[in-house]
Amino acid sequence: MKTILQTSPVAHAQLKSNAKWNVVNGVNTAVEFASAEVERARKKVLGVTDVSCLSRYGVKGAKASQWLAERGIAIPANPNSWAVSDQNTLVMRLGGSEFLVEDQFGGAACAKLAAETTRVPNVYKVPRADAAFILSGSEVLNLLSELCSLDLREKSLSADEVIMTQLAGISATVLRQTINGEQVYRVWCDGTYGAYLWEVMLEIAVELGGGAVGLACYQT
């Protein structure tokens with residue numbers, strides 16, 4: 001059987017770049033935009049990385065939390081909060097009974113969850129088609145302040161909080177996360193807006209001295 005290769009929902013906006021592409025989790029993804037030295041410098045100032053290729057799994061229902069817990073997935077205690085499971089999986093509680101699970105680099109829980117959801121009473125799979133980003137660097141709050149009316153500084157956005165807001169006029173989910181010892185902001189939006197949001201964020205990043213950072217910067 002022929003395998004159908006997926007493409008990142010952000011790819012359309014990246015085709016004019018000189019990016020190096022690779023298939024990650026079955027998704028054709030931009031893994032390098034410049035030399036490692038240049039990308040490391042961009043990360044420190046304001047890096048924008050497309051991580052839409054990370055595997056995700058959505059589930060909701062009255063028994064969704066119980067069902068996930070039985071499979072070893074960490075359950076955030078409160079609505080609109082997040083946690084990291086021992087399976088290297090980020091778990092967001094989007095309201096009382098809806099969850100978005102995302103495998104981090106090296107995680108492998110989502111495929112297993114998807115295979116086990118069939119016909120479970122009060123547990124309903126939620127199809128996901130997100131564009132997802134990592135924003136890094138000293139200027140990241142300046143970028144977010146241009147796109148969002150909410151205060152996203154540490155004193156306003158607690159370490160385990162998930163917020164649903166508007167970025168550049170579209171609905172987005174935002175949280176703060178530490179990756180490889182570095183504090184970053186994570187952003188998810190509907191995949192159909194992924195190219196648009198990429199272009200908007202990248203334009204601001206370049207103005208502030210940063211730029212595009214490939215996925216490879218986070219894989220090592």
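Since we're looking at a predicted model, the values are computed, not measured.
Taking the six-membered ring wherever Trp is involved, the centroid distance between the rings of W188 and Y193 does not fall below 6.0 Å.
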Q: Decide yes or no on side chain to side chain contact (heavy atoms under 4.5 Å, CB included) for V184 and L135, but give the supporting numbers first.
A: CA-CA 6 Å; V184 301; L135 304 177; over 6 Å; no
Q: Under the side chain to side chain contact (heavy atoms under 4.5 Å, CB included) rule, what do M92 and L90 come out as? Steps first, then yes or no, please.
A: CA-CA 7 Å; M92 288 173 274; L90 189 153; 3.5 Å; yes
Q | side chain to side chain contact (heavy atoms under 4.5 Å, CB included) assessment of V213 paired with F33 | A | CA-CA 6 Å; V213 172; F33 288 92; 5.8 Å; no
Q.
Let's go through W21 and V31 carefully: what are the C-alpha distance in whole Å and the side-chain angles of both, what is the deciding distance for side chain to side chain contact (heavy atoms under 4.5 Å, CB included) to 0.1 Å, and is it a yes or a no?
A. CA-CA 6 Å; W21 297 79; V31 295; over 6 Å; no
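Judged purely by distance below 3.5 Å, without hydrogens or angles, the side chains of S81 and D160 never pair a donor atom with an acceptor atom.
Here the side chain of R40 pairs no donor or acceptor atom with the backbone of K43 at under 3.5 angstrom. Distance alone, capped at 3.5 Å, is enough to place a donor-acceptor pair between the S85 side chain and the G72 backbone. Remark: side-chain polar atoms of S8 are paired, donor with acceptor, to backbone N or O of V10 under 3.5 angstrom. No donor-acceptor distance shorter than 3.5 angstrom exists from the side chain of D130 to the backbone of G191, with no hydrogens or angles considered. Side-chain N or O atoms of D103 include one that pairs as donor or acceptor with a backbone N or O of A109 at under 3.5 Å. The main-chain N or O of G181 is never found under 3.5 Å from a side-chain atom of T178 such that the two would form a donor-acceptor pair. With hydrogens and angles ignored, the 3.5 Å screen pairs no side-chain donor or acceptor of Q104 with any backbone N or O of N88. Put simply, the side chain of T165 never gets that close to the backbone of I163: no donor and acceptor are under 3.5 Å apart. Judged purely by atom type and a 3.5 angstrom limit, S156 has no side-chain atom pairing as donor or acceptor with the backbone of L152. R42 contributes a side-chain N or O that, together with a main-chain N or O of A212, makes up a donor-acceptor pair within less than 3.5 Å.
Here L141 contributes atom CG and E154 contributes atom CD; the two are 8.5 Å apart, rounded to the nearest 0.5 Å. Atom-to-atom distance recorded for C148:SG and L167:CG is 5.0 Å, nearest 0.5 angstrom. Interatomic distance, CZ of F99 versus CG of L68, reported as 6.0 Å (0.5 Å rounding).
Transitive grouping of hydrophobic side chains (ILVMFWY, heavy atoms separated by less than 4.5 Å) brings L46 and V174 into a common cluster.
The side-chain hydrogen bond (donor to acceptor under 3.5 Å, both in side chains) analysis of residues 51-68, with sequence neighbours excluded, yields the pairs D50-S52, R56-E102, Y57-T117, Q66-E70.
With salt bridges taken as basic N to acidic carboxylate O contacts below 4.0 Å, none links E161 and R176. The existence of a salt bridge linking R71 and E116 is confirmed by a sub-4.0 Å separation between a basic side-chain nitrogen and an acidic carboxylate oxygen.
Between V162 and the options N78, L157, T173, a side chain to side chain contact (heavy atoms under 4.5 Å, CB included) holds for only T173.
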